[in-house]
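What you see is a predicted model, and the numbers here were worked out from it, not measured in a lab.
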Amino acid sequence: MNSEVTAGILYIVATPIGNLEDISFRAVRILQSVDYIAAEDTRHTGKLLNHFQIKVPQISYHEHNQKQRIPELLDKLKAGKNIAVVTDAGMPGISDPGYEMVTACIDAGVNVVPIPGANAAITAISAAGLPSERFVFEGFLPTKGKERQQRLDLLETESRTIILYESPHRLEKTLADLANCLGSDRPIALGRELTKLHEEFWRGTIGEALSYYQSVPPQGEFTLVIAGKSEATEEISDTTLKTELENLLKQGISRSEATKIMAERTSVSRRKIYQLALLIPESNEGEND
C-alpha cells in the first residue's frame, strides 16, 4: 500500500474590489471547500466570509510576515491540505502579497490554481476611453527619491497605455510629477472607488486633472490610466529645442518661462526642456532666473 501523501493545492482567489456581487460562484465554492484561507487581513476577509457564510479557518499572511509564514503554509500543503490565498481586494500578487507564495509552491512542486475575478487595473482601463489593446501596469510608483524619478523617466517614452494605482493623499504629487515628466497635455482617466457606491471616472489631460484635484480634495483609492506617448508625433531634435530656447532667452525670458513656452509648443516634457535650457550659457540670456 502506498502511504505517500498527495500534496494539496494552492488556490489564488480573487475577491471583490468593492461590490460583493463581483465574487464568482467558483470563488465561493473554493473558499468553502479549502482547509485554510491565507488572508492579508483576517478581520477584513472575515467580513467577506461571514457574508457568504463560510466557516473555514483563516491564517494571517501579509507582506510583513510572509517570510516565516510561507514555510508553515508549505508544510500544510505538503501534508495534503488545500489553501486559498486572498488579499483585501482583487487578485493576490497584483500589487498585493501572493507572488512569493506562488514561487515557493512552484519550486516545491505544489500545484497552483488561479481563481480569476475582479481587478482594479482591468476594470479601469475597460472604461477609460483610452487605447486598451496594449498597456503596461506599473502599480504604485516609488514614493520618493531617485527610484521614483528613474521610473518616471522610463514612462516618459512609453508608447503603451500606462496604468497606475495611487492613494488620495499622494494623488496631487503624482499628477504634478506626471505633468512635469510626461507633459501636462497627456490624456488621462482616473477611476475612483471602482465598483463601489461612489464610483467615479474623471477624464481629461494630466494638467487639467492636477487643477481639478487641487480644488476638489481626492477621496478614495484611485486607478490612473494614462495615454502612452504618441508614436506618430515627430520628436523635435535637441538641437532645434536649444535654438528655440536661446531665441526666447535672448528676448529676456527666464529659463523657467522659456521652458514652459516650449513645453506648450511641443510634445517634449518640461523636465527635459529645462535640462536643455540649463546647458545654454548665461551670456545667451537676456536676464537671469
field: Min side-chain heavy-atom separation I261-L245 under 4.5 Å
entry: no

- request: Tell me, yes or no, whether the heavy-atom count around F140 atom CZ, taken from other residues, nucleotides or ligands under 6.0 Å, exceeds 12.
  value: yes

query: Okay, side chain of E40, backbone of D88: is any donor-acceptor separation there less than 3.5 Å?
result: yes

- prompt: If only atom types and distance count, is the side chain of N82 paired as donor or acceptor with the main-chain N or O of G8 below 3.5 Å?
  reply: no

- prompt: Under 4.5 Å between any side-chain heavy atoms of T259 and R271, yes or no?
  reply: no

task: Answer yes or no: is there a side-chain heavy-atom contact under 4.5 Å between L48 and P16?
output: yes

query: If you count the non-hydrogen atoms of other residues, nucleotides and ligands that lie under 6.0 Å from CD in E21, is the total more than 12?
result: no

- request: Write down the atom of R186, the atom of G228, and the distance for their closest heavy-atom approach.
  value: NH1-C, 3.5 Å

- request: Determine whether L210 and T205 make a side-chain contact, defined as any pair of heavy atoms from C-beta on separated by less than 4.5 Å.
  value: no

- prompt: Does any N or O in the side chain of T45 come within less than 3.5 Å of the main-chain N or O of T42, such that one atom is a donor and the other an acceptor?
  reply: no

- prompt: Which pairs pass salt bridge (Lys or Arg N to Asp or Glu O under 4.0 Å) with one or both residues in residues 169-179, sequence neighbours excluded?
  reply: R148-D177, E166-R170, K173-D177

- prompt: Are V113 and V56 linked, directly or through other ILVMFWY residues, by side chains that come within less than 4.5 angstrom of each other?
  reply: yes

- request: May I ask you to decide if T87's main-chain N or O and T15's side chain share a donor-acceptor pair within less than 3.5 Å?
  value: yes

field: Polar contact flag, side-chain donor to acceptor under 3.5 angstrom, Q251-N247
entry: no

task: Just do the side-chain contact (heavy atoms from CB on, under 4.5 Å) check on L49 and I37 with the steps written out, would you?
output: CA-CA 10 Å; L49 300 182; I37 295 172; 3.8 Å; yes

For residues 115-126, which side-chain donor-acceptor pairs fall under 3.5 Å, sequence neighbours excluded?
residue, atom, partner, partner atom, Å
N119, OD1, A121, N, 3.0
N119, OD1, I122, N, 3.0
T123, OG1, N119, O, 2.7
S126, OG, T123, O, 2.7

field: Inter-residue atom distance L194.CG - E200.CD, 0.5 Å rounding
entry: 10.5 Å

query: Looking at D75 and K81, does any basic side-chain N land under 4.0 Å from a carboxylate oxygen?
result: no

- prompt: So, does R255 use its side chain to make a donor-acceptor pair with the main chain of I280 at under 3.5 Å?
  reply: yes

message: Quick check: is M101 connected to Y36 through a chain of hydrophobic side chains (ILVMFWY, heavy atoms under 4.5 Å apart)?
response: yes

Rounded distance [0.5 Å steps], CD1 in I253 versus NZ in K260: 11.5 Å

- request: Find out whether S159 and R134 are in side-chain contact, i.e. whether some heavy atom of one side chain is under 4.5 Å from a heavy atom of the other.
  value: yes

- prompt: Within the side chain of S184, is there an N or O that forms a donor-acceptor pair under 3.5 Å with the backbone of A179?
  reply: no

- prompt: So do K78 and V5 actually touch side chain to side chain, heavy atoms under 4.5 Å?
  reply: no

Residues E72 and R69 bridged, charged N to O under 4.0 Å: yes

message: According to a hydrophobic-cluster definition based on side-chain heavy atoms being under 4.5 Å apart (Ile, Leu, Val, Met, Phe, Trp, Tyr only), do V86 and L74 belong together?
response: no

query: Shared ILVMFWY cluster between L249 and M262, side chains joined below 4.5 angstrom?
result: yes

message: Just checking E147: does its CD atom have more than 12 heavy atoms from other residues, nucleotides or ligands closer to it than 6.0 angstrom?
response: no

task: Starting from the C-alpha separation in whole Å, work towards a yes-or-no answer on side-chain contact (heavy atoms from CB on, under 4.5 Å) for L164 and L141.
output: CA-CA 7 Å; L164 302 175; L141 290 174; 4.1 Å; yes

message: I'd like to know if the side chain of T195 and the backbone of N19 have a donor-acceptor N/O pair within less than 3.5 Å.
response: yes

task: Side-chain contact test, heavy atoms from C-beta onward, threshold under 4.5 Å: evaluate it for L224 versus I188 and give yes or no.
output: yes

- request: For side-chain contact (heavy atoms from CB on, under 4.5 Å), just list the numbers for K272 and D238, CA-CA rounded to whole Å, side-chain angles, deciding distance to a tenth of an Å, and then say yes or no.
  value: CA-CA 9 Å; K272 180 178 179 180; D238 288 357; 3.4 Å; yes

task: Can you see which heavy atom on A27 is nearest to which on V13, and at what distance?
output: CB-CG1, 3.8 Å

query: Atom CD in Q58, atom CG in L31: separation rounded to 0.5 Å?
result: 9.5 Å

task: Ignoring hydrogens and angles, tell me if any N or O in the side chain of Q149 forms a donor-acceptor pair with the backbone of K146 under 3.5 Å.
output: no

Pairwise distance CD1(I226) to CD1(I163) - rounded to 0.5 angstrom: 9.5 Å

message: Quick check: closest heavy atoms across R203 and A127, and the distance to 0.1 Å?
response: NH2-O, 2.7 Å

- request: Indicate, with yes or no, if the rings of Y213 and F222 have centres closer together than 6.0 Å.
  value: yes

query: Taking atom OG1 of T239 and atom CD of E244, what is their separation to the nearest 0.5 Å?
result: 12.0 Å

task: Locate the shortest heavy-atom distance separating P168 from G220; write the atom from each residue and the value.
output: CD-O, 3.2 Å

- prompt: Do the side chains of Y11 and F25 join up, straight or via other hydrophobic residues, at under 4.5 Å, putting them in one cluster?
  reply: no

message: For Q32, give me all partners under side chain to side chain contact (heavy atoms under 4.5 Å, CB included), at least two apart in sequence or on another chain.
response: V28, I54

message: Tell me the closest heavy-atom pair linking Q68 and P71, and the distance in Å.
response: O-CD, 3.4 Å

query: Counting distance only, does the side-chain N/O of R192 pair as donor-acceptor with the main-chain N or O of Q219 below 3.5 Å?
result: yes

Working for side-chain contact (heavy atoms from CB on, under 4.5 Å), residues C105 and L77: CA-CA 9 Å; C105 285; L77 288 161; 3.6 Å; yes

task: Would you give the length of the straight line joining atom CZ of F137 to atom OG1 of T161, rounded to the nearest 0.5 angstrom?
output: 14.5 Å

query: Hey, does the side chain of N65 reach the backbone of S60 with a donor-acceptor pair shorter than 3.5 angstrom?
result: yes

query: Can you name the closest pair of heavy atoms from K196 and G18 and give their distance?
result: CG-CA, 3.7 Å

message: With heavy-atom distances below 4.5 Å as the criterion, would you say the side chains of I23 and F52 are in contact?
response: yes

